[in-house]
Amino acid sequence: DDGGSSGSKKVVYIQGMSGIPFYQTVACGATEQAKKDGVKFSYQGASEWDVAKQTQIVDAVVASKPDAIMISVTDTKAMIAPLTKAKAAGIPVIGIDDNLQDPSVMNTYIQSDSIEGGKLAGKKMGELLNGQGAVMALNNEPGTPIGDARVEGFKQGIAEFPGIKFLGVQYTQNATAKAANLASTTATSNKALNGIFGVTTNNTEGAVTGIREAGRTGQIKVVGYDTSDPIVEALKNGAADALVVQYPFGEGKQGIQAAQKIWKGESVPKKQSSPFVVATKDNLNTAEVQEYIYKMTCS
Amino acid sequence: MTVLFEARGITKRYGHVQALSGADFSVDAGEVVALIGDNGAGKSTLVKCLSGVQAPDEGEILLRGEPVTMQSPLHARNLGIETVYQDLALAPELGPAENAYIGRELLKPGFLGKLGVLDRKTMRTKAAESFRSLGTDVKDLDAPVAALSGGQRQSVAICRAVMWAKGIIFMDEPTAALGVRQTRNVLKLVRRVADSGVAVVLISHNMTEVLEVADRIEVLRLGKRVAQLKAEDCDVEQLVGAMTGALDGVA
Amino acid sequence: MTVLFEARGITKRYGHVQALSGADFSVDAGEVVALIGDNGAGKSTLVKCLSGVQAPDEGEILLRGEPVTMQSPLHARNLGIETVYQDLALAPELGPAENAYIGRELLKPGFLGKLGVLDRKTMRTKAAESFRSLGTDVKDLDAPVAALSGGQRQSVAICRAVMWAKGIIFMDEPTAALGVRQTRNVLKLVRRVADSGVAVVLISHNMTEVLEVADRIEVLRLGKRVAQLKAEDCDVEQLVGAMTGALDGVA
Amino acid sequence: MSLDTAPSLDAVGESVSPRRRAMTKLFSATPFYLAGVLLLMAIAFSVLRPDAFPTPANFRNILTDVSVLLVMAVGMTYVMVAGGFDLSIGSVLVFSGVMAAKTMGAVGGEGWSPVFAGLVVALISGIVWGLFNGFCVTRLRVPALITTLGTTGAALGIARLITDGNDVRTVPLALIKFSVDEWLGLPALVWISAVVTIAGGLHLAYTRFGRHTYIVGSNAEAARRAGINVDRHLVRLYALSGLLAGLAGMMSLTRFSTTTIAGHAQDSLQVITGVVLGGVSLFGGVGTIVGTTVGMFISSVLNNGLIVVDVKPFWQEVAIGFILIIAVYIDQRRRNRRDRG
Amino acid sequence: MSLDTAPSLDAVGESVSPRRRAMTKLFSATPFYLAGVLLLMAIAFSVLRPDAFPTPANFRNILTDVSVLLVMAVGMTYVMVAGGFDLSIGSVLVFSGVMAAKTMGAVGGEGWSPVFAGLVVALISGIVWGLFNGFCVTRLRVPALITTLGTTGAALGIARLITDGNDVRTVPLALIKFSVDEWLGLPALVWISAVVTIAGGLHLAYTRFGRHTYIVGSNAEAARRAGINVDRHLVRLYALSGLLAGLAGMMSLTRFSTTTIAGHAQDSLQVITGVVLGGVSLFGGVGTIVGTTVGMFISSVLNNGLIVVDVKPFWQEVAIGFILIIAVYIDQRRRNRRDRG
Ligand SMILES: Nc1ncnc2c1ncn2[C@@H]1O[C@H](COP(=O)(O)OP(=O)(O)OP(=O)(O)O)[C@@H](O)[C@H]1O
Ligand SMILES: Nc1ncnc2c1ncn2[C@@H]1O[C@H](COP(=O)(O)OP(=O)(O)OP(=O)(O)O)[C@@H](O)[C@H]1O
Ligand SMILES: [Mg+2]
Ligand SMILES: [Mg+2]
């Protein structure tokens with residue numbers, strides 16, 4: 001059909017999982033851009049982090065014949081096969097977050113480099129602790145690539161501070177209560193602990209509560225990855241100390257723009273990157289940081 | 001004069017099995033009526049229909065001449081109908097005393113009772129007493145009824161019904177599992193209950209027993225009442241004939 | 001001369017209830033022995049101990065003079081022991097024919113049989129036949145046994161045991177829920193089975209029945225055998241006396 | 001009417017002294033041996049980390065950790081004793097929390113009145129879902145597993161629709177202060193949980209309502225024939241379970257000052273585990289709140305202790321798996337021996 | 001011995017013609033009405049998106065989606081018909097996949113021999129966990145829920161210990177090619193799943209082993225007294241369920257070329273949902289593989305259709321929740337009416 005007008009064209013975004021602030025904000029950014037450009041947009045996501053479920057969604061989305069797919073993949077290998085089917089059906093694929101191991105499938109991907117983000121978190125933690133202490137990380141499940149990459153980056157970041165000991169990762173199944181339990185138990189049983197890295201929002205929220213219940217708020221620094229309203233609140237009142245914030249809103253916009261370029265036959269770079277910012281109590285109200293704070297309620 | 005309780009033209013189908021096809025039945029106050037019939041004749045089904053456990057497909061039930069619809073066992077019970085079911089209907093995990101008071105638990109007097117607190121001790125004592133009066137020796141009042149012998153279990157069900165009998169009491173093969181002594185006690189009890197003005201309906205396959213205790217006998221065959229007999233007028237052979245249809249036209 | 005089957009000094013406790021306290025028992029081939037006793041005397045417990053369902057705490061079991069330990073019901077069955085349990089032991093969700101062949105399902109002939117494929121049709125026909133021979137009319141052979149009347153269910157359990165009786169058959173109150181006609185058929189059957197050389201043990205609370213069919217009577221009281229009687233030598237009063245202990249020292 | 005007394009061979013049931021009877025009951029009830037297992041676990045952890053495990057601060061951790069789940073476990077015990085099943089409590093917790101937070105936001109202010117409004121809304125939300133569950137199970141005859149699985153999805157979905165998936169944190173200062181307050185050295189949440197558990201324990205064990213719950217679970221048809229309105233009773237039990245999940249939602253909101261929407265997928269399973277561990281059967285008719293409490297504490301102490309003694313995360317999973325099985329095995333073995341002996 | 005023929009009032013049971021009997025059976029069995037619900041759903045989605053839903057490609061999607069879970073559902077049906085319960089299949093799938101992938105990596109090469117070695121190891125891994133479950137349930141008398149919850153944690157924990165939590169991707173080319181191959185227009189995995197389901201359906205319905213499974217679930221004590229070795233039978237069923245979970249692990253590995261360790265936490269629940277939807281009771285004794293198949297397809301078609309018609313994710317959760325309840329309600333209502341009529 002006519003490559004010029006994209007008025008009747010449709011983009012579907014497949015989230016890694018539904019109900020996650022980051023993905024939700026990507027959808028919001030894409031919605032805003034799509035509205036502006038007159039593109040139809042919708043999003044889908046499974047209620048669990050599950051390759052089989054995401055495959056099912058990709059299959060069904062391909063069957064519904066959209067004009068482009070944006071996707072945050074749950075696995076960089078397992079998703080090759082289903083997305084190859086999309087490609088075979090002539091549907092352009094735009095990655096959000098990550099590329100596949102087979103680089104030929106995606107037309108482009110917008111990466112916010114999780115290792116890089118983790119590194120920022122690690123460095124910030126080192127600074128907050130003045131290079132001395134023992135820290136732990138709270139992650140959802142082992143084997144989730146993004147979480148693992150963030151932890152990996154975090155380790156690299158604190159490696160610059162030889163005085164800091166990494167106590168290891170504990171897993172919370174994404175349950176705030178479990179994160180709180182892990183934080184409070186470790187905080188009372190290990191007096192040396194003075195820093196916790198919350199790999200996702202639920203873990204950061206849990207860490208804040210757990211530290212409070214152990215009565216060590218302020219003594220144990222909390223660095224989080226991603227934001228949510230409660231975490232921003234915690235940052236304001238000193239219960240959390242720093243947040244690595246990605247720019248999902250921008251990624252969503254970028255995705256829609258990339259789709260239109262592909263439809264027009266313009267060239268898009270294989271990899272586009274998306275920036276980070278480290279938010280603290282002091283810079284929270286600056287315009288730059290506010291631009292990054294996730295907006296989940298789409299206009 | 002209207003009789004205490006009457007059922008007319010009760011039918012009940014289960015899938016394509018016709019358990020009752022227009023059965024009639026009546027019993028009067030102070031009377032012991034034996035309901036007899038072959039296996040599968042529909043006796044238990046009739047009792048279930050008359051005690052609110054199952055809704056008949058068709059038919060009419062009259063209590064003191066007034067038509068009633070039994071909506072539930074609770075409704076029947078509020079009308080003064082008690083039943084000993086053939087399958088006993090006990091809660092296997094609970095003890096005999098607890099089972100005797102199912103649905104009629106005694107509460108502690110005073111404030112605790114207002115809160116719904118059970119009076120376990122009284123229930124236990126009273127239940128023990130009434131088992132004893134049947135001649136049934138329950139060795140462990142705390143064991144679940146699943147651990148009782150067949151006769152002991154049946155005694156629990158009988159005690160439960162008799163304790164509360166006011167208007168009518170249906171007893172579906174109450175003595176099937178009872179020992180000789182316990183059976184005699186139950187038959188005496190049946191007579192005594194009837195003498196106190198309660199209508200007693202007794203189902204039994206033991207014709208000697210039936211002739212001994214019943215005033216009247218109603219015979220069910222293939223889901224229909226085929227005969228109404230006075231106990232003094234008949235003997236075992238006649239009853240058997242009526243049940244099996246061998247004597248059709250005679251009775 | 002050794003008897004076919006003998007038990008000596010069987011004891012069995014459940015928690016602090018002593019169900020059997022040194023019970024003895026014996027039965028010979030071709031003999032009908034009635035086992036009688038009050039409710040809770042321990043009859044069913046004894047049957048369970050002798051058919052491998054429960055392990056006795058103490059005591060000895062001799063089959064043709066050889067001591068045996070019943071490890072499981074399967075073991076007992078392989079020794080030729082069949083049982084009609086008081087609680088019938090049927091699978092409520094399955095149909096009557098299916099229940100009659102539980103644990104002894106017939107397989108199709110030939111290759112399919114090797115694969116374990118059931119011969120449903122034959123089982124159905126044969127089961128229907130044997131229900132008919134007891135005089136029991138099961139209207140729907142596909143309905144689950146939970147939907148059968150009490151007597152129909154009991155007939156299923158009886159058919160199952162009788163079909164396979166080889167050495168000894170225990171029948172724990174087999175006629176409790178049966179109609180007059182069905183009871184007569186079962187008593188005839190008991191006699192016939194015994195005549196074919198099988199040892200039959202019949203538990204019943206109906207003394208007329210017992211005196212009619214049994215050769216010998218063993219009386220259990222409070223978990224012990226208190227009397228062994230020849231049927232021809234005694235009457236109902238005597239039996240009742242022995243069961244209740246009223247005639248102690250007399251029998 | 002009363003029966004007259006026929007000659008009897010033995011006194012009925014009274015051959016055993018009441019004292020002996022009480023002892024037998026105590027030792028035969030599930031919680032007794034299971035509590036022994038719990039104690040053994042606590043001792044083992046204390047020996048391994050005497051400086052860290054048996055400390056007041058750590059016990060407070062354990063109690064805080066168990067408090068929210070225990071409230072839901074009380075409701076679950078009622079439902080499961082009656083032969084039911086409720087998978088939806090985790091979602092109902094989230095839903096109630098969301099509704100409460102939204103209400104508190106709408107009422108506004110930082111004092112107690114928004115908190116009170118929020119609490120009422122949370123409880124009502126819980127009850128409504130419970131009633132819906134009860135309705136489906138009793139009137140529509142949909143199996144409890146399907147019903148509560150359905151409401152699990154529906155309640156969570158609606159909660160997310162209301163919030164766009166974004167946690168709500170409109171929590172008044174009064175509530176935040178309350179969450180930090182301690183009475184007699186323990187957080188208020190722990191006391192609330194204790195009150196609910198004790199009240200539930202007494203109510204289930206000693207009242208007519210509790211007795212009916214056991215009867216319905218043991219033989220629903222017998223209950224019906226005895227004039228118990230089985231359907232109404234079941235609806236009440238599901239409503240109770242919903243109510244307590246609603247309360248738990250408010251408690252969770254108090255604890256975290258945010259709705260933690262995504263974090264409760266495992267709650268129902270955790271609660272069911274504790275309840276079954278404590279001796280409630282999937283088939284109904286048996287179980288006690290005391291047992292449930294011990295069961296919940298076993299999970300909680302195990303989670304806490306393995307962290308305190310610093311077992312690696314993957315090993316923790318393996319250890320918890322096997323220890324659960326062993327704990328129940330010990331309990332079963334002791335009980336069987338008694339039955340035989 | 002045979003019984004002679006006494007006079008009888010009616011012919012026994014034969015009053016209804018075999019044909020009529022077969023019809024009644026067909027219409028009364030659960031799957032019939034439920035299959036109607038499935039058809040209705042498919043029609044609705046087809047009307048909404050005639051260009052996208054009822055296409056061969058989309059049906060292939062649905063079949064592929066359901067294939068792995070259906071294999072496990074067959075095993076679950078056996079276990080649940082016998083009154084058991086198996087929560088561990090998701091973890092056993094992961095464990096078996098990990099073991100298979102590690103084996104294929106160790107054997108090396110890109111041909112069929114490493115695939116074969118991997119398959120054998122996957123099946124054995126599944127059987128071993130199944131035997132362990134069966135052992136705990138029968139010998140140790142630990143309730144199935146606790147046992148299989150315990151092994152859920154243990155199997156997953158060990159899988160993670162083996163892999164350090166990282167997915168294993170040592171899959172030979174032969175297997176990758178196999179996953180893309182189609183026979184008669186459908187992927188090989190779909191055919192494997194179909195063979196397992198049909199074999200399981202015939203086996204459960206028509207063989208002695210199947211019959212014993214129903215008897216054990218209907219009344220375990222009656223089964224025991226009838227000489228069926230109940231414990232041994234249960235162990236076999238758990239082993240079968242494990243075996244099929246192992247096969248599913250290999251299938252999942254084939255499909256994704258990686259072990260997807262983190263993605264199977266919900267598998268057991270999904271499978272149990274389909275099985276219960278298909279008419280298997282939590283209490284055992286009833287159910288068929290045909291019913292299970294229909295139940296699994298209801299879930300799968302629903303998931304697929306809602307995405308194809310582009311319902312928003314949160315609305316999907318709500319819709320699925322309520323539709324599950326409604327589907328079973330329709331099924332129940334039709335069946336009850338028959339019972340009454
Ligand atoms: N729930 C049910 N579903 C289907 N059929 C049933 C059901 N209940 C009873 N029936 C059938 O109805 C008929 C009558 O059964 P009922 O129990 O009333 O007989 P009965 O006269 O009490 O026999 P018995 O003397 O053996 O107790 C039987 O053929 C039985 O199979
Ligand atoms: N599983 C059990 N647990 C505890 N006690 C039991 C158990 N089974 C039987 N008993 C007790 O053992 C005693 C004997 O029971 P049994 O069933 O053998 O009596 P029975 O002679 O068959 O009586 P009936 O004529 O009533 O059938 C009874 O007091 C009974 O309560
Ligand atoms: Mg009857
Ligand atoms: Mg007995």
Side-chain angles (χ1 to χ4, degrees), chain A residues 10 12-15 17-20 23-24 27 40-66 74-82 84-85 88-89 101-102 139-148 151-152 169 171 173-174, chain E residues 49 51-62 64-66 68-69 90 94 156-157 159-161 163-169 171 176 179-180 187 252-253 255-267 269-270 300 303-314 316-317 320:
Chain A
K10 177 163 189 183
V12 178
Y13 169 48
I14 300 168
Q15 302 173 327
M17 183 177 159
S18 65
I20 300 295
Y23 299 128
Q24 210 64 21
K40 278 198 239 159
F41 172 78
S42 72
Y43 63 95
Q44 289 292 344
S47 48
E48 291 105 38
W49 185 269
D50 180 342
V51 169
K53 289 230 169 91
Q54 195 175 44
T55 302
Q56 191 173 14
I57 292 179
V58 171
D59 286 346
V61 167
V62 170
S64 73
K65 301 172 185 149
T74 47
D75 188 292
T76 56
K77 184 166 189 188
M79 294 314 295
I80 295 174
T84 305
K85 279 197 242 167
Q101 287 188 359
D102 177 351
N139 193 3
N140 289 352
E141 296 271 356
T144 49
I146 294 173
D148 289 351
V151 172
E152 189 49 45
V169 194
Y171 297 97
Q173 282 85 44
N174 201 26
Chain E
R49 282 301 304 271
D51 60 316
F53 184 82
T55 63
N58 196 42
F59 286 155
R60 215 177 45 186
N61 288 339
I62 293 174
T64 314
D65 285 335
V66 93
V68 175
L69 291 182
V94 169
L156 195 61
R160 285 174 167 165
L161 281 172
T163 61
D164 236 344
N166 300 315
D167 280 317
V168 186
R169 289 155 186 193
V171 176
I176 295 179
S179 75
V180 191
S252 172
L253 192 60
R255 188 171 176 208
F256 298 116
S257 306
T258 167
T259 46
T260 63
I261 295 179
H264 297 273
Q266 299 296 315
D267 282 11
L269 197 59
Q270 267 182 280
S300 190
N303 281 319
N304 176 284
L306 289 173
I307 297 164
V308 169
V309 304
D310 203 14
V311 174
K312 288 250 171 326
F314 299 155
Q316 280 181 33
E317 287 180 45
I320 292 178

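Here is the naming used below: chain letters follow the sequence lines, and residue numbers restart at 1 for every chain.
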Proximal component of E:Val311, with respect to chain A [non-hydrogen, under 4.5 Å]: backbone
A:Gln44 side chain reached by E:Lys312 side chain, heavy atoms, under 4.5 Å: no
field: Pairs of heavy atoms under 4.5 Å with chain E: top-ranked of A:Gln56, A:Glu141, A:Glu48
entry: A:Gln56
query: Closest heavy-atom contact between A:Lys65 and E:Asp51?
result: NZ-O, 2.8 Å
Structural part of E:Ile307 lying under 4.5 Å from a heavy atom of chain A: both
Contacting region of E:Arg169 [heavy-atom separation from chain A under 4.5 Å]: both
query: Side chain, backbone, both or neither: which part of E:Asp65 has a non-hydrogen atom closer than 4.5 Å to chain A?
result: side chain
field: Heavy-atom contact with chain A under 4.5 Å, split by part of E:Thr258
entry: side chain
task: Below 4.5 Å from any heavy atom of chain A, which atoms of E:Asn304 appear? Answer side chain, backbone, both or neither.
output: both
message: Given heavy-atom pairs under 4.5 angstrom as the criterion, report whether the side chain, backbone, both or neither of E:Thr163 touches chain A.
response: neither
message: If the threshold is 4.0 Å, N to carboxylate O, is there a salt bridge linking E:Asp310 and A:Lys10?
response: yes
- request: Kindly indicate, with the supporting measurements, whether the criterion side chain to side chain contact (heavy atoms under 4.5 Å, CB included) is fulfilled by A:Thr55 and E:Arg255.
  value: CA-CA 10 Å; A:Thr55 302; E:Arg255 188 171 176 208; 3.2 Å; yes
task: Before giving the answer on side chain to side chain contact (heavy atoms under 4.5 Å, CB included), spell out for E:Gln316 and A:Ser47 the whole-Å C-alpha distance, their side-chain angles and the decisive distance to 0.1 Å.
output: CA-CA 10 Å; E:Gln316 280 181 33; A:Ser47 48; over 6 Å; no
field: Which atoms of E:Phe314 approach chain A - backbone, side chain, both or neither, heavy atom under 4.5 Å
entry: side chain
